[in-house]
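Note sheet for the following structure.
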Amino acid sequence: MKALSPQEARTEFPILQDRVYLNSCSLGALSRRAEAYLAEFLERWHTMGASAWYEHWLGRLALLRRKVEGFLGAGEGSVALAASISAALSSVSESVAGPLAAGRNRVVCSELDFPTLGYQWAVKPGVELVVLPSPDGVGMDPAQFAEAVDERTLFLATSHVFFTTGFIQDLDRLAEIAHGAGALCLIDGYQGAGQVPLDLSSTEVDFYTTGPLKWLCGGPGLAYLYVRPDRIPQLLPRITGWFGARNAFDFDIRTFEPHDDARRFEMGTPALPTVHTALGGQEILDEVGVEAVAARNRELTELLVEEAGARGFGLTTADHAEQRSAIVMIRHHDPPGAVAHLARHGIIVDHRPGHVRVSPHFYNTAHEIHLFMDTLAGFRD
Ligand SMILES: Cc1ncc(COP(=O)(O)O)c(C=O)c1O
């Protein structure tokens with residue numbers, strides 16, 4: 001595998017040539033590499049039709065699972081493909097029964113988590129969803145989880161990085177709290193993987209969801225579900241499909257034999273165009289290396305924080321740099337107006353209530369951060 005510097009990788013992303021793109025927490029930029037994988041997929045569809053399934057596309061699915069496992073520091077066979085984070089969470093929430101669930105009907109999450117996480121249990125009769133408040137609207141104190149997670153709790157379900165504020169949570173501490181009470185630890189890592197280095201094999205986390213859409217620069221239509229290998233034999237999803245079956249190609253409707261590995265959490269045909277664009281994005285992330293990505297993102301985030309402070313903007317972000325990630329929330333009196341003003345100047349960011357949201361990635365530069373800050377300050381004045 002060749003090594004790419006963030007600066008070299010930048011040339012892979014056409015949007016960076018004529019836009020200042022600072023919205024990677026919503027959608028990672030599209031690379032020429034991803035486009036080439038997609039073109040290969042389309043060409044095989046043209047020339048081979050369905051025979052491409054056996055000769056190429058099943059192999060592409062396996063390659064993507066292996067690459068994602070490598071990137072997440074997860075063991076072979078511990079990652080399943082899902083249609084979305086919501087679908088992955090649904091199969092997790094429907095996989096725990098028997099002794100693991102006995103007498104436990106509580107799920108503990110936080111108000112800063114993405115709503116789809118809580119919705120999984122809000123719709124289930126008999127489940128008590130506990131939504132913990134954030135003391136400062138930025139992060140959570142692990143002690144809050146430790147107090148709420150008890151012998152009635154089935155899942156401690158929360159985010160690696162809060163989409164609302166970029167606050168990074170401590171996975172080891174969360175797993176320790178969950179397991180200390182006999183509960184399972186489920187982490188929504190959609191905003192984590194790809195900007196925060198991960199070694200899932202060395203954590204005790206039971207489930208981790210993420211996907212190619214955002215920090216992995218692979219586009220919409222797919223998600224990844226990590227399941228801790230020693231948990232897999234204890235779990236059998238009650239929503240399923242033929243991709244979850246080891247005997248799928250027997251086409252025997254009478255017997256369902258689940259895969260021994262995490263594929264038992266899969267359902268139906270994955271979105272093949274995204275499997276291909278995801279391979280392109282993943283390849284670039286692998287070549288740059290997650291440590292280099294994280295280092296670059298830290299630099300850009302700290303520059304944003306400094307520059308925003310120097311210009312008198314308030315921030316809704318963690319006080320300590322080690323808890324901050326590359327999602328920076330700048331308080332503003334007119335976020336939609338500011339975002340539209342920035343767009344007129346070729347700068348793409350987003351807004352959330354009361355805030356302009358900026359999310360740089362490894363392919364951005366300090367110059368772009370200065371340009372963004374100058375243009376935002378120009379609108380306020
Ligand atoms: C942290 C987080 N979790 C989940 C989701 C939703 O994922 P999906 O649409 O794949 O269900 C998002 C969407 O942006 C998110 O930011």
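First listed ligand is number 1; within each ligand, the first listed atom is number 1.
- In this structure, Arg65 does not pair ionically with Glu69, as no charged nitrogen and carboxylate oxygen lie closer than 4.0 Å.
- With respect to Tyr37, the side-chain hydrogen bond (donor to acceptor under 3.5 Å, both in side chains) criterion is satisfied by exactly one of His276, Arg60, Gln282, Glu283: Glu283.
- Shown here for Arg106 and Ala148, the closest heavy-atom pair between the two residues is NH1-O, 3.1 Å.
- Taking every heavy atom of both residues into account, Arg324 and Glu302 meet most closely at NH2-OE1, 2.7 Å.
- Using a heavy-atom distance under 4.0 Å as the criterion, the protein contacts of ligand 1 are Ser84, Ile85, Ser86, Phe114, Thr116, Phe163, Asp188, Tyr190, Gln191, Lys214.
- Partner Phe71 forms a side-chain contact (heavy atoms from CB on, under 4.5 Å) with one of Val79, Leu198, Leu216, Thr210 and no other, that one being Leu216.
- Between Trp215 and Tyr190, a ring centre-to-centre spacing not shorter than 6.0 Å is recorded.
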